[in-house]
S.K.: 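Sharing a structure here in structure tokens format.
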Amino acid sequence: MRRWIGALPLVLVAGSLVAQDSVPPVDQGVRVGIEYTPGIRPRLVVFPGPGFDSVRSILQRDLDYSDRFELIYVGYQQDGASAGSVNYDLYRKLGAQYGVELTPSGGATVVRLHDLDAGEVRSHQTVIFPPPDAPEFRMAVHQISDEIVRWVTGTSGYAASRLAYVGRKRLWIVDSDGVRNVSLTGADEAVLSPAWSPDGRRIVYTRFNEGMGSLQLLFLAGGSTVTIPSTRNGLNYASAFSPDGRTLAYTRSGEGGTDIFRVDVGDMCCLQRLTVGRYADNLSPTYSPDGRRIAFVSTRAGPPQIYVMSADGTDQELLASFDFGATGSSFAPEWSPDGAQVAFHRAIEGRFQVFVLDLASRRVRQLTSAGRNEDPTWAPDGRHVAFVSTRSGRRQLWIVDTETGRIRQLGTPDAVRLPSWSRRFGGAAGVNH
Amino acid sequence: MRRKFLVLAASVLVAAACGGSQPEPETPAPVAVDSTAIKEQMRRDSIAAAERARAEAERRAAEEAMAAAALITTRLTAEVHDMINFDFDRSDIRMEDEANLDRKAAIMMANDAVRLRIAGHADERGSDEYNLALGNRRAESAKRYLVNQGVDGSRINIVSFGEERPLDPAQTEDAWAKNRRDEFEMTAGASQLVAPN
């Protein structure tokens with residue numbers, strides 16, 4: 001039996017100090033008010049123990065950021081007793097329902113999830129973590145964090161993912177926990193509209209030059225870029241990959257207005273125009289996860305609003321309802337990974353706020369109210385949304401849990417914009433950066 | 001006495017006209033000279049002087065014409081480059097800018113070699129990507145207006161900067177109003193412009 005008693009005074013419960021937007025009643029048809037209800041999330045403790053300090057701190061933060069648990073932090077003051085059975089009674093007394101245990105096993109680490117109520121190991125996995133100073137280390141820990149979330153909830157977390165964004169005209173990527181901001185382009189190039197390929201191996205972005213813009217396909221593994229041939233002329237931007245990663249839908253402005261095109265980026269062929277907007281603009285496409293539909297912005301009714309069409313351009317219709325003259329302009333849709341929702345931003349009393357549209361009910365819900373909030377992008381878990389907000393005084397990335405309304409800032413340098421969230425990195429894909 | 005002075009003056013003129021290439025005679029010129037030769041010399045001298053004066057006048061006139069043309073080109077260039085502004089989230093030409101565009105159309109029609117680039121801009125309040133479309137629409141609007149006035153559309157190229165290049169980075173109504181604009185730049189045929197009739 002272990003002796004953990006010395007740890008008791010150090011118990012803290014996370015989640016009590018986080019920010020939350022209060023959403024005022026606006027717009028007819030908008031369901032407002034995010035209920036932040038602490039206490040319904042299971043309490044989880046990462047067992048203290050010798051070693052694994054860096055793994056444990058990343059793990060704890062990932063599990064906290066998943067917004068699926070209330071974390072209980074227990075300090076380590078043990079007398080060196082060897083690993084044996086877990087003191088279930090002690091952790092149950094702390095109110096914990098789940099415990100994560102890390103134990104060395106040869107060169108590997110065994111990660112166990114204990115169901116404390118049942119008094120048994122619910123799931124386990126043996127992992128070989130790279131050394132903490134290796135570039136792959138953090139992503140390997142993020143991946144096991146996502147597994148732990150899946151063991152408990154049945155749905156993976158989103159820790160093993162990255163966000164791309166534009167800062168000071170450059171393209172950057174950062175881990176989902178705000179660590180390791182890396183610039184991927186130089187000062188000689190002005191970047192707009194980054195978007196991840198579904199496999200996380202490529203990012204497409206606009207290279208903006210004197211009012212024109214070509215689409216660049218950046219291969220993360222080698223750092224090489226290819227210009228998409230159909231975008232060599234004109235102004236091309238706001239692009240999105242199809243879920244199979246073969247097709248790119250993008251916006252093109254020039255003579256004859258602004259419309260949406262698609263091109264096969266596997267064979268770099270088969271350019272097709274999807275919208276024909278005489279005197280109306282169509283822009284900012286986003287694919288449904290089944291690849292069959294595209295949501296986009298159109299000015300066909302006057303103010304820009306969110307529409308949807310089949311992936312071949314047919315069957316165009318309004319998607320997010322609005323009251324003409326009352327509802328503000330709407331922009332920048334992004335389809336959620338589970339296909340059930342579309343996030344976008346809409347002007348409310350002259351300021352942008354982030355909304356989600358529930359596709360089953362066709363109702364919109366306002367997620368933000370503090371400052372100017374725009375350009376939402378979904379986390380791989382289909383539950384969290386990152387967006388640009390001025391609430392801190394300058395444009396920064398923030399992440400909101402759409403279930404609880406819990407909001408946190410993602411650490412990035414300088415003013416940022418146009419974020420795009422990757423899908424989850426499995427295996428070694430995209431780890432080497 | 002008077003005659004002597006003339007002879008001297010004439011010889012000075014000859015010396016000057018010859019630019020000193022002809023050496024001065026070693027003996028003083030005789031007082032009594034052939035009056036026919038002198039007259040002939042004077043006639044030639046006055047023709048030369050008149051020719052020089054005419055050349056000088058021509059040179060000056062040409063210079064003045066060039067200066068005037070340059071002045072016109074500068075003035076017309078400024079008129080072509082004169083920006084127009086837009087209301088918030090609008091791309092239609094404002095009534096007060098129509099005379100401005102009419103003038104640009106007339107200048108373009110009087111100067112066939114001129115090619116124009118119109119760049120649409122937006123203020124930062126709009127959505128980043130939407131602003132690229134809005135800037136494009138603003139550039140298109142001005143182009144359509146000029147084409148309706150008779151300018152060949154193939155002479156006009158449009159681009160959009162969205163909100164990427166504000167004139168005034170301040171976050172005030174004044175700055176935003178300034179930033180919602182079309183900029184005009186001649187990309188060819190701009191070196192010498194003639195004023196429309």
Side-chain angles (χ1 to χ4, degrees), chain A residues 166 169 190-193 195 206 208-213 233-239 250-260 277 279-285 296-299 302-305 328-333 344-347 350-352 372 374-375 388 390 395 417-419, chain B residues 83 87-93 115-148 151-166 169 171-173 176 179 181-185 187:
Chain A
V166 177
K169 301 193 188 296
V191 168
L192 292 170
S193 300
T206 294
F208 188 69
N209 180 30
E210 290 298 311
M212 318 268 267
N233 300 310
L235 176 53
N236 306 277
Y237 56 101
S239 44
Y250 63 94
T251 309
R252 179 181 181 85
S253 289
E255 305 283 348
T258 295
D259 276 299
I260 297 168
Y279 304 115
D281 291 338
N282 299 289
L283 61 149
S284 301
F296 62 103
V297 172
S298 180
T299 63
Q305 293 294 347
S329 299
S330 306
F331 307 91
F344 61 99
H345 69 257
R346 171 174 278 180
R351 273 218 280 206
F352 292 144
R372 167 178 168 158
E374 60 195 304
D375 288 323
V388 177
T390 60
R395 286 182 170 192
R417 56 190 187 138
L418 299 168
Chain B
M83 296 176 202
D87 293 338
F88 176 68
D89 199 18
R90 299 303 296 263
S91 56
D92 42 334
I93 303 298
R115 299 185 82 83
L116 191 66
R117 189 186 85 150
I118 308 177
H121 295 256
D123 73 31
E124 55 150 26
R125 281 179 301 171
S127 215
D128 294 16
E129 288 169 342
Y130 174 75
N131 273 342
L132 293 168
L134 178 59
N136 189 75
R137 212 186 313 143
R138 285 176 174 160
E140 268 189 305
S141 253
K143 173 171 179 173
R144 195 179 311 123
Y145 188 98
L146 296 176
V147 168
N148 287 342
V151 180
D152 181 354
S154 67
R155 297 168 61 194
I156 305 172
N157 172 34
I158 59 166
V159 296
S160 170
F161 283 85
E163 63 177 84
E164 305 304 312
R165 197 175 287 178
Q171 299 187 349
T172 63
E173 289 291 344
W176 292 326
N179 293 335
R181 69 197 191 277
D182 271 350
E183 290 187 3
F184 301 83
E185 191 194 338
T187 52

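Proteins get letters first, then strands, A, B, ... in listed order; numbering begins at 1 in each.
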S.K.: Where does A:Ser329 contact chain B at under 4.5 Å (heavy atoms): side chain, backbone, both or neither?
M.R.: side chain
S.K.: Of all of B:Asp89, B:Asn136, B:Asn157, which one pairs up most often with chain A through heavy atoms under 4.5 Å apart?
M.R.: B:Asn136
S.K.: Given the options A:Glu374, A:Lys169, A:Glu210, which has more heavy-atom pairs under 4.5 Å with chain B than any of the others?
M.R.: A:Glu210
S.K.: Tell me, for A:Arg351 versus chain B, whether the close heavy atoms (under 4.5 Å) come from the side chain, the backbone, both or neither.
M.R.: neither
S.K.: What part of A:Thr299 lies closer than 4.5 angstrom to a heavy atom of chain B: side chain, backbone, both or neither?
M.R.: side chain
S.K.: Ion pair present between B:Glu183 and B:Arg138, side-chain N to carboxylate O less than 4.0 angstrom?
M.R.: no
S.K.: Please flag which part of B:Ile156 lies under 4.5 Å from any non-hydrogen atom of chain A: side chain, backbone, both or neither.
M.R.: backbone
S.K.: Using non-hydrogen atoms and a 4.5 Å limit, figure out which bit of A:Ser284 sits close to chain B: side chain, backbone, both or neither.
M.R.: side chain
S.K.: Please classify the contact of B:Ala133 with chain A as side chain, backbone, both or neither, using a heavy-atom distance under 4.5 Å.
M.R.: both
S.K.: Check B:Ala139 against B:Ala119 and note the closest heavy-atom contact, atom names and distance.
M.R.: CB-C, 4.5 Å
S.K.: Using 30° and 60° as the class limits, which term best fits the ring planes of A:Phe352 and A:His345: parallel, tilted or perpendicular?
M.R.: tilted
S.K.: So does A:Asp375 pair up with A:Arg395, basic N to acidic O under 4.0 Å?
M.R.: no
S.K.: Check this for me: B:Arg90, atom CZ, are more than 12 non-hydrogen atoms of other residues, nucleotides or ligands nearer than 6.0 Å?
M.R.: no
S.K.: Please classify the contact of B:Glu140 with chain A as side chain, backbone, both or neither, using a heavy-atom distance under 4.5 Å.
M.R.: side chain
S.K.: For B:Glu129 and A:Ser193, run side chain to side chain donor-acceptor pair (under 3.5 Å): C-alpha distance rounded to whole Å, both residues' side-chain angles, the deciding distance at 0.1 Å, then the answer.
M.R.: CA-CA 8 Å; B:Glu129 288 169 342; A:Ser193 300; 2.6 Å; yes
S.K.: To the nearest 0.5 Å, what is the distance between CG on B:Asn131 and CG on B:Asp123?
M.R.: 6.5 Å
